[in-house]
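Below you'll find the structure, written out as structure tokens, and then a few comments.
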Protein chains: 2
Amino acid sequence: MGTTKTSHFTEDQNRIAKIAKALGHPARVAIIEYLLKVNTCICSDIVDELPLAQSTISQHLKELKSAGLIKGEIEGASICYCIDEKTFQILKSYFSNVVLTVNNQKCC
Amino acid sequence: MGTTKTSHFTEDQNRIAKIAKALGHPARVAIIEYLLKVNTCICSDIVDELPLAQSTISQHLKELKSAGLIKGEIEGASICYCIDEKTFQILKSYFSNVVLTVNNQKCC
DNA sequence: AATATACATCGTAATATTGCGATGTATTAG
DNA sequence: CTAATACATCGCAATATTACGATGTATATT
């Protein structure tokens, strides 16, 4: 027990769940919002920005990257992280669709 | 340790994180999609639909409700659950905004 | 009143997440 | 070559999540 029964759900449901899960932590939301604010790709600045240890930030970045929410590119000694637009587009479409569908139905 | 440092982040970041976290499980995504499909509010049907025990479904519904993603209304002996449009509207707006902001910036 | 239906909650086992310090690896600076 | 900078990864402790069966509570049926 304790393990999510991934295989019982559709690929799409698992995909959305994985992306949502990656955003399911305030630090990771904060990282995304920071990346949006600074326009350009930044990396170790995030460690200065957030009240978390470097190793913790690194872990969060790993999760965001693995969910496709950010991209990272080696730039000399440091790594340039930035928003991965495609995945956010998926979220936008997904929720736009949900709202559209809900609009056409009455609720309890 | 092991606890999220909620207090270090903005209310908004915690709110988005909580909603995203609630969607961060394929079973809960499946529940939302099921509710979208059946148009009307349903309840114990979800137990028949998903390969999970009744107690597990009940827990998932509790999380979805606490995040504001669904509403539940007592209807005799059963409870009528349905999508809470407002929260999905928040998500739609949030991600629309992200996509808009990203569009105006170049990346690595 | 007794039973059935529809949930919610409790207890608990297995596993995952969060966070940190310490350590490892690669690039850059001197 | 050495030291510094910029990360990633490891190992651990604390806590949270997932899932289930068992049990509790409320309404509905007989």
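Letters A, B, ... are given to chains in the order of the sequence lines, protein chains preceding strands, and every chain is numbered from 1. Computed from a predicted structure; not experimentally measured.
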Nearest-Å distance, CG (A/L52) to C1' (D/dA8)? 16 Å

Mind calculating the distance between CD (B/E63) and C1' (D/dA16) to the nearest angstrom? 10 Å

Within the 4.0 Å heavy-atom criterion, would you say A/K21 contacts the bases, only the backbone, or no part of the nucleic acid? sugar-phosphate

Between B/H60 and D/dT17, does any side-chain N or O lie under 4.0 Å from OP1 or OP2? no

Residue A/S58, side-chain heavy atoms: nucleotide from C/dG19, D/dT9, D/dA19 that is nearest: D/dT9

Nucleotide of C/dT9, C/dA8, C/dG19 approaching B/I79 most closely (side-chain heavy atoms): C/dA8

Can you tell me how far C1' of C/dT9 sits from CD1 of B/I57, to the nearest Å? 16 Å

Difference in axis direction between the ends of the helix from C/dA1-D/dT30 to C/dG30-D/dC1, five pairs, 10°: 20°

Would you say the side chains of B/K18 and B/S66 form a donor-acceptor pair under 3.5 Å? yes

For C/dG19, does either OP1 or OP2 sit under 4.0 Å from a side-chain N or O belonging to A/H25? yes

Short side-chain N/O contact from A/Y81 to OP1 or OP2 of D/dA8, under 4.0 Å: yes

At under 4.0 Å between heavy atoms, how does the protein contact nucleotides 21-28 of chain C? Give one character per nucleotide, 5' to 3', with B, S or -. BB----SS

Checking the side chain of A/T56 only, and the main-chain atoms of A/L52 only, is there a donor and an acceptor separated by less than 3.5 Å? no

Identify which nucleotide among D/dC7, C/dC7, C/dA16 has an atom closest to any side-chain atom of A/T3, counting heavy atoms from C-beta outward. C/dA16

Within the pair B/S44 and C/dC7, is there a side-chain N or O less than 4.0 Å away from OP1 or OP2? yes

Has the side chain of A/Q13 got a donor or acceptor atom that lies under 3.5 Å from a matching backbone atom of A/T10? yes

